[in-house]
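Note that ligands are numbered from 1 as they come in the structure, with each ligand's atoms numbered from 1 the same way.
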Amino acid sequence: MDNKDCVFCKIIRGEIPSTKTYEDDKFIAILDINPKTPGHTLVIAKDHFKTLLDTPTSLGCELMDAVKNVSLDLVKQGKAEGFNFIFNNGEVAGQIVPHVHMHILPRKSGDGLKMLV
Ligand code: AMP
Ligand code: ZN
């Protein structure tokens with residue numbers, strides 16, 4: 001299931017370049033083009049669902065598995081000591097790309113990033 005005009009669907013189809021750091025049958029992870037911290041990564045479902053609310057529950061659970069796997073790799077590579085996971089759902093919540101994805105923000109002591117909560 002994909003959407004012809006969606007930027008993430010275009011990345012998944014290989015029509016737009018990206019730096020892919022992980023792939024399985026249901027998800028890809030790419031580096032965010034506008035990183036908030038070094039290694040800022042997006043874990044993106046291969047199927048086009050807009051938000052978690054219209055994503056099948058099982059796929060939403062599997063998204064967390066993929067997020068965990070990518071995060072463990074970042075720790076192993078020495079690129080993270082901790083994480084913030086950001087999940088924007090809906091335009092009003094700051095979602096710019098309407099294709100379900102989780103932000104992984106790798107954190108290191110002294111990185112200076114200020115979070116909302
Ligand atoms: P949001 O929809 O607000 O949760 O965030 C969408 C994210 O996608 C933003 O952090 C953008 O920097 C990122 N983004 C948009 N286009 C691309 C692209 N072509 N490659 C990588 N990241 C992108
Ligand atoms: Zn899409």
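Short contacts between ligand 1 and Ile30, defined as distances under 4.0 Å to a heavy atom of the residue, involve ligand atoms 21 (C). For ligand 1, the atoms lying closer than 4.0 Å to a non-hydrogen atom of Ile11 are 18 (C), 19 (N), 20 (N). Atoms of ligand 1 found under 4.0 Å from any heavy atom of Asn34, numbered from 1 in the order shown, are 12 (O). Per-residue contacts place Ile96 under 4.0 angstrom from the following atoms of ligand 1 (heavy atoms of the residue considered): 1 (P), 2 (O), 3 (O). Interface of Leu31 with ligand 1, defined as ligand atoms under 4.0 Å from a residue heavy atom, comprises 21 (C). Close contacts of ligand 1 with His103, meaning ligand atoms under 4.0 Å from a residue heavy atom, involve 1 (P), 4 (O), 5 (O), 7 (C), 10 (O). Numbered from 1 in the order shown, with element, the atoms of ligand 1 that lie under 4.0 Å from a heavy atom of His101 read 1 (P), 2 (O), 4 (O), 5 (O), 6 (C). Ligand 1 places these atoms under 4.0 Å from at least one heavy atom of Leu42: 8 (O), 13 (C), 22 (N).
Aromatic pair Phe8/His101: centroids less than 6.0 angstrom apart.
Here the angle centred on the Zn ion (ligand 2), running from ND1 of His99 over to SG of Cys9, is 110°, rounded to 10°.
Enclosure of atom CD in Glu23 by more than 12 non-hydrogen atoms of other residues, nucleotides or ligands within 6.0 angstrom is indicated. Residue Lys79 qualifies as open at atom NZ: its count of foreign heavy atoms under 6.0 Å is 12 or below. By the neighbour-count criterion of 12 heavy atoms within 6.0 Å, atom NZ of Lys50 is sparsely surrounded, having that number or fewer from other residues, nucleotides or ligands.
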Carefully, step by step, assess His40 and Ile104 under the rule side-chain contact (heavy atoms from CB on, under 4.5 Å). CA-CA 6 Å; His40 181 171; Ile104 299 178; over 6 Å; no
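At least one heavy atom of Gly94 sits closer than 4.0 Å to an atom of ligand 1. Residue contact annotation: Phe8 has a non-hydrogen atom under 4.0 Å from ligand 1. Every heavy atom of Thr19 sits 4.0 Å or more from the atoms of ligand 1.
What sits closest to atom 22 (N) of ligand 1 on the protein, heavy atoms only, is Ile33 N, 3.1 Å. Counting only heavy atoms of the protein, atom 9 (C) of ligand 1 lies nearest to Asp32 OD2, 3.4 Å.
The N, O or S atom of His48 with the smallest distance to the Zn ion (ligand 2) is ND1.
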